[in-house]
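To start, the structure itself, in structure tokens.
These numbers come from a predicted model, not from an experiment. In what follows, chains are A, B, ... by sequence order, proteins preceding strands, each numbered from 1.
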Protein chains: 2
Amino acid sequence: MTESTRTSPADSDAVPTAEPFDVVDLIRTKRSGGPLDSDAIGWLIDAYTRGYVGDEQMASLAMAIFLRGMNRREISDFTLAMIASGERMSFDGLGKPTVDKHSTGGVGDKITLPLAPLVASFGVAVPQLSGRGLGHTGGTLDKLESIPGWQAALSNERMRAILRDVGAVVCAAGSGLAPADKKLYALRDVTGTVECIPLIASSIMSKKIAEGTSALVLDVKFGSGAFLQDIEQSRALARTMVDLGTDAGVATTALLTDMSVPLGRTIGNALEVRESIEVLAGGGPADVVDLTIALAREMLRLAGQPDADPERALRDGSAMDTWRRMIVAQGGDPDAALPMAREQHVVVADRSGVLAEQDALAFGIAAWRLGAGRARAADRVQAGAGVELHVKPGDRVVAGSPLWTLHSDEPKRFDRALAALEGAWSVADTAPERGPLVVERIG
Amino acid sequence: MTESTRTSPADSDAVPTAEPFDVVDLIRTKRSGGPLDSDAIGWLIDAYTRGYVGDEQMASLAMAIFLRGMNRREISDFTLAMIASGERMSFDGLGKPTVDKHSTGGVGDKITLPLAPLVASFGVAVPQLSGRGLGHTGGTLDKLESIPGWQAALSNERMRAILRDVGAVVCAAGSGLAPADKKLYALRDVTGTVECIPLIASSIMSKKIAEGTSALVLDVKFGSGAFLQDIEQSRALARTMVDLGTDAGVATTALLTDMSVPLGRTIGNALEVRESIEVLAGGGPADVVDLTIALAREMLRLAGQPDADPERALRDGSAMDTWRRMIVAQGGDPDAALPMAREQHVVVADRSGVLAEQDALAFGIAAWRLGAGRARAADRVQAGAGVELHVKPGDRVVAGSPLWTLHSDEPKRFDRALAALEGAWSVADTAPERGPLVVERIG
């Protein structure tokens, strides 16, 4: 296809402008598969943030990026430009190393809850700027808000004070970090340009780099409950983010982890807090413990403590002690009873055998429909809603025994949750062999 | 890339809507290269026209269409949906066949001016709903408006009366035809999605089909001064439009014509009117005459007069007679002197030889810069501005003899026009062989 129709030879006849680039030229360059120059990307993100480049232009460009890609240098420029659109935080002067962890999101993924206090118990600062759930994946803030009194909103000063005194803090990200990303993400959501590795990677990493952490461990998930289901796509996303972090001077590694079945035995806000406390008490489901330990080792290694023993910290109560101080520091009562949903519905096995399948996406959707998640940002979540899993793939099942319990404040929600689970699990004579939870380390 | 993130299993939780489709689903389908269903396309264009689908969503989809294409059935559905967005005209009851002609636009392309009265002189109705120039290609209405008194705006009733009484009418298209196309075209212009065959074809053909002509001849140009420079792209556009017309019951053929050098010896509004009158008087440049005759033969064939002799109608004054009545019917004075630009600048040859090159795009830009065209829709054009070509490729040149004369009301414009011509022409010992003007007939 030729490129002549917008040739602008009468430039001097056009309205004079101080803008150094023409966004249509940039769209056409990317549309043809060409790379965008660093200067052009910097201008583009700035011009979009201040509204000179319109949503319709950015949407067209996002689709061109979706279908044509960006090279490593472009993704890095894109990320730096989004960082430059807002404020940058700094944890210099805390007197201890800072290590953050980010998960691409999954079903039953409560790992931040035991992990942050566990790592902080070794004298490492763990700032966890977290979000709320949208769709079938839960949000860390929603989970912690099921603890009576706990507050997600903190001033920057209070956040620093907790990091200094307790070591771990989980709070809402301020709106000043990477505002271009916020605007672009909302646009991508309505224009079919979400599942694009360069755009996902730059979105996540712009916020993490702007936050000012000195090291970062990424939990990049694949499988039905993950953002990207395909392992190759997830591996590519992990590599892209590790490259971005490294290029920006943040020590970054990633674990590629399996999200084809739910993590642990609970999905839902208060249910997951309860399970996290079990892990901090030295118990809990093996998969949650294993992933918590694997991520803790990575974080402690990046913090300069390669020989630290996170398993001991779970056994000896030091992680639990940090958890309690972390909850108290944000107004929560660690001893208060957690909310329970008003209604329960138990699903029982209709035959004996072995649980062969338990699809993460379907169980995530069931918990969402029970009230644990939200369809729109303004929705409220039910603290007690969710799914409690009595068996996991490979577990023996006896006919008539409970498989899972659905929790909700509204019994009318059970039918649609059960519909989500249809065909999503099976009891058979044998269960297929499962691969490892942590498939690969990248970094 | 996986498609899970916008899985909407909690639909019943979402705001109830009467809309049968989700535009993000349609964008994702096209993004993956899949075809869009007829129902979906019909809904999409309607929803975009009434503002339910936003510009940012349509822009993303347009880029996906640009890069993934549409099949013949989709393009046809897209065109029909744009027609359905507005009114349809009909020329039934005129008592004579209706044949329209559309050119994809070129430099010095004044063919409509002699062609419409020529064909009408055979008792055929020729409704020419035309536009104004933008960029380096001129607009038929701008050209005719250089005739003192001539008016482009007509009511539908007046237009029908002129068609009945004179046979040929050239007027501005009403805003009621294919309003979806108008909205989409403006969007494509600012989002880098103009040069896309399915979108160009459906844009042109939706207006032509809605206009209600029973037959249509397309002049699809290729070469530097054309909308699509590449002959293969132009051929594909021609085939797509012929298919669309045929599918919609409009007898449609296309000529594929060379636009690598300007058509005729004038570029500019009044200059082109003067040359058109020369053709109607039986003279004029050979290329303009040849293309006028070729298109007239096609139109007359579609009107059921395969044996009509358009050359005779130019010789015997019957085409000129129809021209004069056509101009008078729209308030113009066919005997009035045409405007002349206040200033002229003559470019002379610095060596003897043969004119080897005369690049259409560059000469179109020069005429634009002299004031013949506009950079923005609100600009005014100069009636007398433009370029008069004293020689064409293959013509002998003597050192010191005039090559072309630039015309403008503002002498300050000469420098930038001359700059446009730099490197765009050459005098050599021999001129390269030129291919035929009309390369191919499609239909």
Side-chain angles (χ1 to χ4, degrees), chain A residues 1-15 23-28 30-31 54-64 66-68 135-136 187 189-197 224-230 233 361-362 365-366 368-369 373-376 379 416 420, chain B residues 1-15 23-28 30-31 54-64 66-68 135-136 187 189-197 224-230 233 361-362 365 368-369 373-376 379 416 419-420:
Chain A
M1 187 63 61
T2 60
E3 306 282 87
S4 74
T5 57
R6 271 186 61 104
T7 311
S8 298
D11 281 341
S12 75
D13 301 336
V15 181
V23 66
V24 175
D25 284 346
L26 304 186
I27 294 169
R28 291 157 59 119
K30 180 49 68 187
R31 181 184 94 181
D55 275 340
E56 75 284 9
Q57 296 173 313
M58 200 61 171
S60 172
L61 182 63
M63 181 57 81
F66 194 107
L67 292 172
R68 294 296 201 179
H136 75 274
L187 180 71
D189 192 44
V190 298
T191 57
T193 49
V194 168
E195 307 88 343
C196 169
I197 288 175
S224 85
F227 189 60
L228 298 177
Q229 280 130 33
D230 178 66
Q233 294 285 339
L361 176 61
I365 291 168
W368 179 14
R369 290 184 177 178
R374 50 173 74 78
R376 289 177 302 275
D379 293 347
R416 280 181 48 78
Chain B
M1 186 63 62
T2 62
E3 306 282 87
S4 75
T5 55
R6 271 186 60 104
T7 312
S8 298
D11 282 340
S12 76
D13 301 337
V15 181
V23 65
V24 175
D25 284 347
L26 304 187
I27 295 170
R28 291 157 57 118
K30 181 48 67 186
R31 183 184 93 183
D55 275 341
E56 75 284 9
Q57 295 173 314
M58 200 62 171
S60 172
L61 182 63
M63 181 57 81
F66 194 106
L67 293 172
R68 295 297 202 180
H136 75 275
L187 180 70
D189 192 44
V190 298
T191 57
T193 50
V194 168
E195 306 89 342
C196 169
I197 288 175
S224 87
F227 189 59
L228 298 178
Q229 281 130 33
D230 179 65
Q233 295 284 338
L361 176 62
I365 291 168
W368 178 14
R369 291 183 176 178
R374 50 172 75 76
R376 288 177 304 276
D379 292 349
R416 281 182 45 78

Item to check | Non-hydrogen atoms of B:R28 and A:G192 that approach each other most closely | outcome: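 Minimum heavy-atom separation between B:R28 and A:G192: CG-CA, 4.3 Å.
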Checklist entry - Which atom pair, heavy atoms only, marks the closest approach of A:V24 to B:V190? => result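 Scanning both residues, the minimum pair turns out to be CG2-O, 3.4 Å.
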Checklist entry - Side chain, backbone, both or neither: which part of B:A64 has a heavy atom under 4.5 Å from chain A? => result both
Item to check | A:T193: partners by side chain to side chain donor-acceptor pair (under 3.5 Å), with sequence neighbours left out | outcome: A:T191
Next on the checklist: Are the side chains of A:E195 and B:R31 in contact, using a 4.5 Å heavy-atom criterion?
Outcome noted: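 A side-chain contact under 4.5 Å exists here.
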